[in-house]
Amino acid sequence: MTRVGIIGGGGMGNVHARHYRAMPDVQLHFFERDPLKAKAFQATHGASASVSAEALIADCDVVDLCLPTDLHLEFGLKTISAGKALFMEKPLAKTLEEAAQVVNAAASAGVPLMPGQVVRFFPEFKEGNRLVACGHIGKPAAARTRRGGPAPLKGADNWFMDHRRSGGVLIDLAVHDFDWLRWTLGEVKTVYSCSVGAHTMAGPDYALTTLSFDSGAVAHVEATWMDPAGFRTSFEVCGSGGMIEFDSRSVATVRTATEGKVQSEGPVALSDDPYYNELRGFVEAVQKGTPPPVSGYDGLMALSIGLAAVESAQSGQVVAPARHF
Ligand SMILES: NC(=O)c1ccc[n+]([C@@H]2O[C@H](COP(=O)([O-])OP(=O)(O)OC[C@H]3O[C@@H](n4cnc5c(N)ncnc54)[C@H](O)[C@@H]3O)[C@@H](O)[C@H]2O)c1
């Protein structure tokens with residue numbers, strides 16, 4: 001039995017708990033500082049409540065951090081210094097220095113670490129990556145991604161809208177696409193970005209970013225917290241031999257309508273669920289002593305591209321993302 005402990009029982013903590021509960025070889029623990037949320041979490045998931053984050057870390061084999069991004073460093077380092085495997089929601093941290101501290105500490109301690117770059121596990125994005133890698137569209141030349149929906153206003157203390165804590169749309173949301181594009185098209189050479197949040201550092205945000213790659217390919221990434229029509233993702237990759245495209249709004253899927261909310265149910269089989277596959281991949285890597293499916297360095301590089309985009313949006317200059325830490 002693998003003992004997994006979630007710290008932070010908010011939006012993502014609840015998503016993760018649902019999937020760990022489907023794993024018969026996992027015993028679930030959690031720590032949530034808000035008593036009302038902790039009660040609801042326990043009632044929903046039947047997990048064992050720890051009295052503190054430190055007690056949870058001591059009692060578990062794997063710690064899953066689902067805390068606001070500005071708390072990742074503190075609790076990540078506590079987990080690593082206790083010698084426990086660490087799954088960290090994306091982005092790894094607020095700054096490159098903090099993220100590098102976590103990645104280097106995990107490497108020195110020999111502790112498994114995986115960032116929650118879950119887009120690699122979405123079936124359509126995974127297939128897009130595979131098709132590019134196997135040469136289905138020839139040499140990739142240009143890509144476009146779009147991700148977003150309404151502003152996330154339900155975070156504890158409204159932390160997403162304080163960009164000093166969340167990083168705004170470029171760090172919190174576009175980091176998914178920066179990771180997927182780097183995974184699919186290789187290292188990013190330069191970044192140029194325009195964003196609303198880089199100037200306000202608060203509130204709903206929107207950003208347009210252009211990337212150039214070492215390979216000569218180019219891409220643009222649109223990320224928004226200003227789309228009231230619901231969450232949507234899309235991508236397109238054009239190459240010398242064809243094009244691949246995906247739009248979550250035009251894919252046939254099961255939709256439900258409850259209390260005025262219309263929702264696409266996404267993957268219908270457990271085996272298709274990106275969050276299940278991401279977390280299962282990490283638990284099995286820890287159990288078998290094999291490398292996690294996504295490395296700490298991948299999380300660091302996704303953040304590096306995001307921070308280069310923020311710097312570019314603030315300065316109006318083209319910025320080269322840092323690669324060495
Ligand atoms: N991969 C994805 O698709 C995805 C989606 C949303 C958010 N995220 C990431 O997940 C992380 C968490 O986001 P969220 O949406 O769950 O935020 P949230 O605000 O809904 O949840 C955070 C929870 O942590 C609790 N908390 C705060 N400080 C604590 C402490 N010291 N000890 C214990 N609990 C504490 C809060 O009370 C809250 O319940 C962020 O890094 C975010 O960027 C990832």
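The structure displayed is predicted, hence computed values, not measured ones. Counting starts at 1 for both ligands and their atoms, following the listed order.
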**OP:** Tell me, please, whether Phe41 has Arg18 positioned over its six-membered ring: NZ or CZ under 6.0 Å from the ring centre and within 45 degrees of its axis?
**Re:** no
Compute the minimum heavy-atom distance from [X] to ligand 1 and say whether it is under 4.0 Å.
X	value
Ala53	no
Met88	no
His176	yes

Subject >> Partners passing side-chain contact (heavy atoms from CB on, under 4.5 Å) against Ser52 (at least two apart in sequence or in another chain) >> reply: Glu54, Ala55
Just which atoms of ligand 1 are under 4.0 Å from any heavy atom in [X]?
X	value
Pro91	43 (O)
Tyr275	2 (C), 3 (O)
Phe31	32 (N), 33 (C)

**OP:** With heavy atoms only and a cut-off of under 4.0 Å, state how Leu67 meets ligand 1: side chain, backbone, both or neither.
**Re:** both
Between side-chain atoms of residues 233-243 and protein atoms elsewhere (two or more places apart, or another chain), which donor-acceptor pairs fall under 3.5 Å?
unit_1 : atom_1 : unit_2 : atom_2 : d
Glu236 : OE1    : Arg144 : NE     : 3.4
Glu236 : OE1    : Arg144 : NH2    : 3.0
Ser240 : OG     : Lys139 : N      : 2.7

**OP:** Output yes when a side-chain donor or acceptor of Trp159 lies under 3.5 Å from a complementary backbone atom of Ser166, and no otherwise.
**Re:** no
Original post:
Has the side chain of His72 got a donor or acceptor atom that lies under 3.5 Å from a matching backbone atom of Pro91?
Top reply: yes
